[in-house]
Peer 1: 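Sharing a structure here in structure tokens format.
Only this structure's heavy atoms are used, side chains among them; waters, hydrogens and symmetry mates stay out. When a ligand or atom number is given, it counts from 1 through the structure's own listing order.
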Amino acid sequence: MKRVLSGIQPSGKMTLGNYIGAMKNFVELQDDHRCYFMVVDMHAVTVPQEPEDLREQTEMLVGLYLALGLNPDRASIFLQSHVPAHAELGWLMTTLAYMGELERMTQFKDKSRGKESIGAGLFVYPALMAADILLYNADLVPVGDDQKQHLELTRDLAHRFNQRYGETFRVPEVFTPEIGARIMSLDDASKKMSKSNPNPGSYIALLDPPDTIRKKVSRAVTDSGREVRFDTANKPEVSNLMSIYAQCSGLSLQEIEAKYEGQGYGTFKKELAEQIVSLLEPIQERYHEVRSSGAIHDVLKKGAGEAAEIANETLREVKQKMGFVLG
Ligand code: AMP
Ligand code: TRP
């Protein structure tokens with residue numbers, strides 16, 4: 001069975017962009033792949049976090065994983081910080097990466113822009129991400145478009161290690177959804193939908209109540225036309241809403257165009273909101289059940305045990321090949 005690994009940072013609310021770009025694929029891949037899904041808490045601390053918020057957001061994200069349908073009997077669900085091999089291989093990957101390639105990472109440039117002091121962890125972040133993936137010899141890494149550059153770097157580091165020390169790591173492939181690998185803001189289709197946007201009207205959070213969702217969709221920016229047509233160059237806002245519609249309903253873009261032909265944006269947006277609500281309402285119900293059941297800690301314990309078994313084996317091989325005296 002092919003191996004799949006991915007992770008999400010526990011830094012704030014999860015949005016529909018996270019779901020469509022990444023989490024939806026997690027759920028779909030777990031049936032016929034050996035899956036490892038993490039909450040990357042060690043990545044989250046590359047920018048300052050309030051300790052209490054970090055703890056809550058970590059548990060919230062695990063709760064969402066379970067509510068979305070990730071099954072701990074099929075996939076290993078764990079926290080990055082529970083498997084120390086991540087930090088250890090992360091360091092070794094840092095020694096393999098070049099300053100120049102880390103400087104080119106657009107996520108680093110975005111997160112450090114305008115900041116007076118930039119944490120060193122933010123800079124070496126992609127080396128830790130490479131370690132996350134390579135520890136499990138993952139074949140596929142389901143992420144949204146914005147992570148493609150990090151994946152390229154992971155592939156380069158895997159090749160570099162293999163060349164220097166002999167064949168060790170599998171070189172992973174990125175796995176992005178065909179539609180919606182980059183969901184855009186509802187208020188500005190030139191920016192990606194992001195929880196860090198100060199305008200909450202720009203994103204739909206997975207835990208937004210139904211009426212909030214309806215309000216946000218009805219206020220979403222559109223062009224002044226009335227034709228529901230997928231055309232990212234000329235109709236980026238409507239195209240973005242259509243991608244969301246397609247991913248929530250299972251309809252193709254063509255089917256959506258045909259369904260709303262001659263109807264204008266009003267009906268389309270109203271029905272889009274209902275599609276999102278009927279996707280998210282049951283997830284929200286399960287989320288509250290999961291959080292109150294206290295099941296999270298057992299799931300994490302099991303997941304960390306399964307993950308550590310594979311991760312420790314890889315780390316041992318890496319250290320042996322690099323010339324460390326094994327204990
Ligand atoms: P983040 O919340 O930035 O840590 O992202 C977690 C996962 O969601 C990554 O795989 C991202 O690529 C994906 N993601 C985040 N925002 C979006 C978006 N607007 N559209 C598609 N995928 C996204
Ligand atoms: N960098 C990813 C993000 O910001 C999170 C991440 C960390 C990740 N390690 C990973 C994603 C390993 C996939 C695989 O979203």
Peer 1: As an exercise, identify every atom of ligand 2 less than 4.0 angstrom from a heavy atom of H43.
Peer 2: 7 (C), 9 (N)
Peer 1: Going by the angle between their ring planes, with limits at 30° and 60°, are F123 and F108 parallel, tilted or perpendicular?
Peer 2: perpendicular
Peer 1: Only heavy atoms of Y125, strictly under 4.0 Å: list the atoms of ligand 2 that pass.
Peer 2: 1 (N), 2 (C), 3 (C), 4 (O), 5 (C)
Peer 1: Can you find a pair of side-chain heavy atoms, one from Q107 and one from H150, that are under 4.5 Å apart?
Peer 2: yes
Peer 1: Can an N or O of S6 be found at a distance shorter than 3.5 Å from an N or O of ligand 2?
Peer 2: no
Peer 1: So if I count the atoms of ligand 1 from 1 in the order they appear, which ones are less than 4.0 Å from some heavy atom of R182?
Peer 2: 20 (N), 21 (C)
Peer 1: Does the structure place the NZ or CZ of K216 under 6.0 Å from the centre of the six-membered ring of Y203, at an angle of no more than 45° from the ring's axis?
Peer 2: yes
Peer 1: N/O of D146 under 3.5 Å from N/O of ligand 1, yes or no?
Peer 2: yes
Peer 1: Given M14, Q147, Q9, K195, which has its nearest heavy atom closest to atom 2 (O) of ligand 1?
Peer 2: K195
Peer 1: Could you tell me whether the side chains of E227 and Y265 share a donor-acceptor contact shorter than 3.5 Å?
Peer 2: no
Peer 1: Considering only non-hydrogen protein atoms, determine which one is nearest to atom 3 (O) of ligand 1 and report residue, atom name and distance to 0.1 Å.
Peer 2: K192 NZ, 4.1 Å
Peer 1: Can you tell me which residue and heavy atom of the protein come closest to atom 3 (C) of ligand 2, and the distance to 0.1 Å?
Peer 2: Q147 NE2, 3.2 Å
Peer 1: Taking only heavy atoms of V143 into account, list the atoms of ligand 2 that are under 4.0 Å away from them.
Peer 2: 11 (C), 13 (C)
Peer 1: Could you check whether E255 pairs with K259 (Lys NZ or Arg NE/NH1/NH2 to Asp/Glu carboxylate O, under 4.0 Å)?
Peer 2: no
Peer 1: Report yes or no: do K192 and S185 form a side-chain donor-acceptor pair below 3.5 Å?
Peer 2: no
Peer 1: Have D41 and T58 got a donor and an acceptor in their side chains that come within less than 3.5 Å?
Peer 2: no
Peer 1: Are M242 and F268 close enough that some pair of their side-chain heavy atoms sits under 4.5 Å apart?
Peer 2: yes
Peer 1: Using a 4.0 Å cut-off to any heavy atom of Q9, which atoms of ligand 2 qualify?
Peer 2: 4 (O)
Peer 1: Looking only at N/O atoms, are N18 and ligand 1 under 3.5 Å apart anywhere?
Peer 2: yes
Peer 1: Give the numbers and elements of all ligand 2 atoms closer than 4.0 Å to a heavy atom of V141.
Peer 2: 13 (C), 14 (C)
Peer 1: Which residue and atom name correspond to the protein heavy atom nearest atom 22 (N) of ligand 1, and how close is it?
Peer 2: G17 O, 3.1 Å
Peer 1: Considering only heavy atoms, does I8 approach ligand 2 within less than 4.0 Å through its side chain, its backbone, both, or neither?
Peer 2: neither
Peer 1: Any side-chain heavy-atom pair from F230 and T232 closer than 4.5 angstrom?
Peer 2: yes
Peer 1: Among protein heavy atoms, which lies nearest atom 9 (N) of ligand 2, and at what distance?
Peer 2: D132 OD2, 2.6 Å
Peer 1: Tell me yes or no: between the side chains of Y245 and Y260, is some donor less than 3.5 Å from an acceptor?
Peer 2: yes
Peer 1: At a 4.0 Å threshold, what atoms of ligand 2 neighbour a non-hydrogen atom of L5?
Peer 2: 12 (C), 14 (C)
Peer 1: Run through V238, I256, I179 and flag the one making a side-chain contact (heavy atoms from CB on, under 4.5 Å) with S243.
Peer 2: I179
Peer 1: Which ligand 1 atoms are under 4.0 Å away from a heavy-atom of V143?
Peer 2: 10 (O)
Peer 1: Using a 4.0 Å cut-off to any heavy atom of G7, which atoms of ligand 2 qualify?
Peer 2: 5 (C), 6 (C), 8 (C), 11 (C), 13 (C), 14 (C)
Peer 1: Indicate whether the side chain of T106 and that of Q149 have a donor and an acceptor atom separated by less than 3.5 Å.
Peer 2: yes
Peer 1: Could you tell me which atoms of ligand 1, counted from 1 in the order shown, lie closer than 4.0 angstrom to a heavy atom of A22?
Peer 2: 7 (C), 8 (O), 10 (O)
Peer 1: What's the shortest distance from atom 10 (O) of ligand 1 to any protein heavy atom, and which residue and atom give it?
Peer 2: G144 N, 3.1 Å
Peer 1: Under a 4.0 Å heavy-atom limit, does M193 contact ligand 1 with its side chain, its backbone, both, or neither?
Peer 2: both
Peer 1: Heavy atoms only, cut-off 4.0 Å: how does A181 contact ligand 1, side chain, backbone, both, or neither?
Peer 2: backbone
Peer 1: Evaluate I183 for polar contact with ligand 1, using N/O atom pairs at a separation under 3.5 Å.
Peer 2: yes
Peer 1: With a 4.0 Å cut-off on N to O distance, would you call E59 and R55 a salt bridge?
Peer 2: no
Peer 1: Parallel, tilted or perpendicular: which fits the ring planes of F37 and F26, with parallel below 30° and perpendicular above 60°?
Peer 2: parallel
